[in-house]
Every structure is written in structure tokens, then in C-alpha cells.
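Source: prediction; values computed, not measured.
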Amino acid sequence: MAYVNAYQPPPPAKPAYGLHGPVPYDINVAFPLDFTQLETPRLKLAPFIPSIHAAKYHAAISDPAHLYRYYPFSGIEDPESYLLFMDTFVRQNPYSVLFAIIDKTTPDPDYPEWGGKLAGTIALLNYSPMNLSVEIGVVCILPTFQRTHVATHAVGVLLKYCFTMPCASQSESGLGLRRAHWYAHSDNEPSLRLAARMGLRREGTLRWAWVLPVGKALGKTPRKTDLLAGPGRDSAIMAMSWEDWEDGAREIVTTQMARME
């Protein structure tokens with residue numbers, strides 16, 4: 001039987017806009033977002049808009065190599081590369097969205113219209129309408145706001161939004177998902193502790209899940225004859241299901257957020 005393989009790799013896509021994305025900025029999201037539900041008395045989530053948030057975000061990071069040490073890719077330490085990566089990885093995927101975390105307890109005199117100070121980022125990634133699942137990722141709390149209420153409230157408000165049914169009541173609505181999961185470098189204890197504290201369960205480890213860039217620290221040494229030179233990474237899987245949410249996880253989230261009031 002005769003056959004051919006005419007595959008040709010597509011040329012690299014070049015955005016038809018600058019580092020700050022299209023104008024007006026299109027968050028390009030294919031699932032419901034109700035920002036009135038993504039807010040607590042101390043914190044709120046808003047779309048991360050590079051032209052508004054990027055300068056403040058990068059100015060707050062004094063040691064990007066340390067902040068991003070557990071990330072499975074390199075280059076994002078540079079502000080331009082970070083924006084290009086987030087546009088490709090998040091904004092251009094209609095089932096992902098990157099949020100700016102705004103701490104309402106700390107005013108920003110430069111941007112009073114924000115209602116608080118930029119405290120970091122968090123994202124919903126690869127939402128699946130077919131499987132009613134989503135990943136919580138890109139959790140990056142800026143150094144000034146680490147070990148405060150910020151991480152607890154940001155994760156808590158997203159978990160509540162994920163598992164609350166649409167139009168659950170006049171005051172509450174959400175995505176009604178069955179599952180939310182969280183991947184972390186298997187050595188990233190702060191990330192794993194945060195997820196566990198918020199009620200997510202360790203489901204296992206994806207061994208050799210990533211090929212890391214050459215020179216990336218905190219990686220595993222591949223075999224000598226490996227096809228790629230970069231080290232490897234194991235990813236821990238943390239997750240919460242709707243059953244967990246209704247069987248006590250809702251109360252865990254509520255208690256943790258109340259402790260950090």
C-alpha cells in the first residue's frame with residue numbers, strides 16, 4: 001500500500017500586536033466569568049491586562065530567577081518574554097484566563113481606581129466544558145504579599161467559583177465543575193502546602209512530566225543517551241472534586257479564609 005507523509009511544520013505564529021496585546025484588550029474567554037463572584041472583603045480578581053498591570057508586576061519582583069525557580073520553562077524572568085509567553089500560553093487559549101490579584105487592604109496611590117494594590121497572579125487553565133474540570137495555576141504571589149491573606153483568599157475565591165452551581169442563589173453563582181486540579185513541582189513544598197491547606201488532595205505524581213530547559217535547576221538527570229539534553233521534572237497532582245467540596249472542603253475553604261481576615 002503506497003502512502004506519503006506530506007507534513008510540514010507550520011511557521012511560528014507572529015501576533016499582529018505588541019507586547020501589551022490587542023487593543024482593546026481581548027481576554028478571549030469561552031466560559032462564564034462573573035467578577036462579582038471573584039471578590040472577598042479583602043481581595044478581588046480582575047483580568048490581568050498587560051498595559052495596566054505589567055509594569056507594577058515586574059517592578060515588584062527583585063529576584064525573578066528565585067520567584068520562578070519551580071516553573072518548568074525559562075525565559076519568563078525577562079518582562080518581554082513573560083508577556084509573550086502569557087499571551088501565547090494563556091490569552092490565546094479561550095479556555096484559560098490570567099487574573100491579577102488585587103489586595104483591597106493595601107491602597108495603591110498610583111492607581112486608586114484598582115481598589116487596592118497588585119499582589120500577584122492566578123489563573124484558570126484548560127477549562128473543559130466536556131469534562132467540567134479546570135486547572136488552577138500560575139499562582140504567583142509577589143514577595144511583599146507572601147505569608148499574608150492573599151494566597152488563601154485568591155485560591156479560596158476561585159475554588160468557590162469553580163464548585164458553586166450556576167445561579168445557585170440570588171447572591172451566588174459559579175461554574176458548577178466536577179473537578180479542579182493543581183500541578184506543582186514535586187519539590188515545591190510551599191505550593192503543595194497551600195493546596196493541601198485549602199482542601200485539595202494529593203492524587204499522585206506524574207514522573208518525568210516535563211523536559212526542562214538546559215541549565216534549569218531543580219531537575220532530574222536524564223539517561224546519557226536521551227534524545228534531549230534538558231533535565232526532567234516530576235509534577236505532583238493535587239485535586240478537589242465536587243464530592244470533596246460538598247463533603248467538607250467548602251467548610252475548609254471558608255474556615256481558612258476566615259482565619260486570614
Are S191 and R193 linked by a side-chain donor-acceptor pair shorter than 3.5 Å? no

Identify the heavy atoms of A217 and L212 that sit nearest to each other, and give their distance. O-CD1, 4.4 Å

Could you walk me through whether K56 and D110 satisfy the salt bridge (Lys or Arg N to Asp or Glu O under 4.0 Å) test, starting with their C-alpha distance in whole Å, then the side-chain angles of each, then the deciding distance to 0.1 Å, before giving a yes or no? CA-CA 10 Å; K56 279 279 186 176; D110 296 330; 2.8 Å; yes

Going by heavy atoms in the side chains, are Y25 and P50 under 4.5 Å from each other? yes

Is a donor from one side chain sitting under 3.5 angstrom from an acceptor on the other, for Y17 and D87? yes

Which heavy-atom pair separates V139 from Y71 by the least distance, and what is that distance? O-OH, 4.0 Å

Correct closest heavy-atom pair for L142 and L118 would be CD1-O, 3.6 Å

Determine whether V134 and C162 make a side-chain contact, defined as any pair of heavy atoms from C-beta on separated by less than 4.5 Å. yes

Cut-off 3.5 Å, side chains only: do T105 and D103 have a donor facing an acceptor? yes

Only pairs at least two apart or in different chains count here, so list each ring pair (Phe, Tyr, Trp, His ring centres under 6.0 Å) that has a residue in residues 232-252. F163-W245

Please enumerate all residues that pass salt bridge (charged side-chain N to carboxylate O under 4.0 Å, His left out) together with D63, with sequence neighbours excluded. none

Sequence neighbours left out, what passes side-chain hydrogen bond (donor to acceptor under 3.5 Å, both in side chains) with N28? Give chain and number order. none

Hey, what's the ring geometry for W114 with Y111, parallel, tilted or perpendicular (30° and 60° as the breaks)? parallel

Taking the side chain as everything from C-beta on, heavy atoms only, tell me whether P47 gets closer than 4.5 Å to F35. yes

If hydrophobic clusters are built by linking Ile, Leu, Val, Met, Phe, Trp and Tyr wherever their side-chain heavy atoms come under 4.5 Å apart, do I49 and V29 end up in the same one? yes

I need the minimum non-hydrogen distance between I237 and L206, along with the two atoms involved. CD1-CG, 3.5 Å

Closer than 3.5 angstrom, by distance alone: can the side chain of Q37 be matched with the main-chain N or O of S171 as a donor-acceptor pair? yes

State whether a side-chain donor-acceptor pair under 3.5 Å links R202 with T205. yes

Tell me the closest heavy-atom pair linking R69 and K216, and the distance in Å. O-CE, 3.7 Å

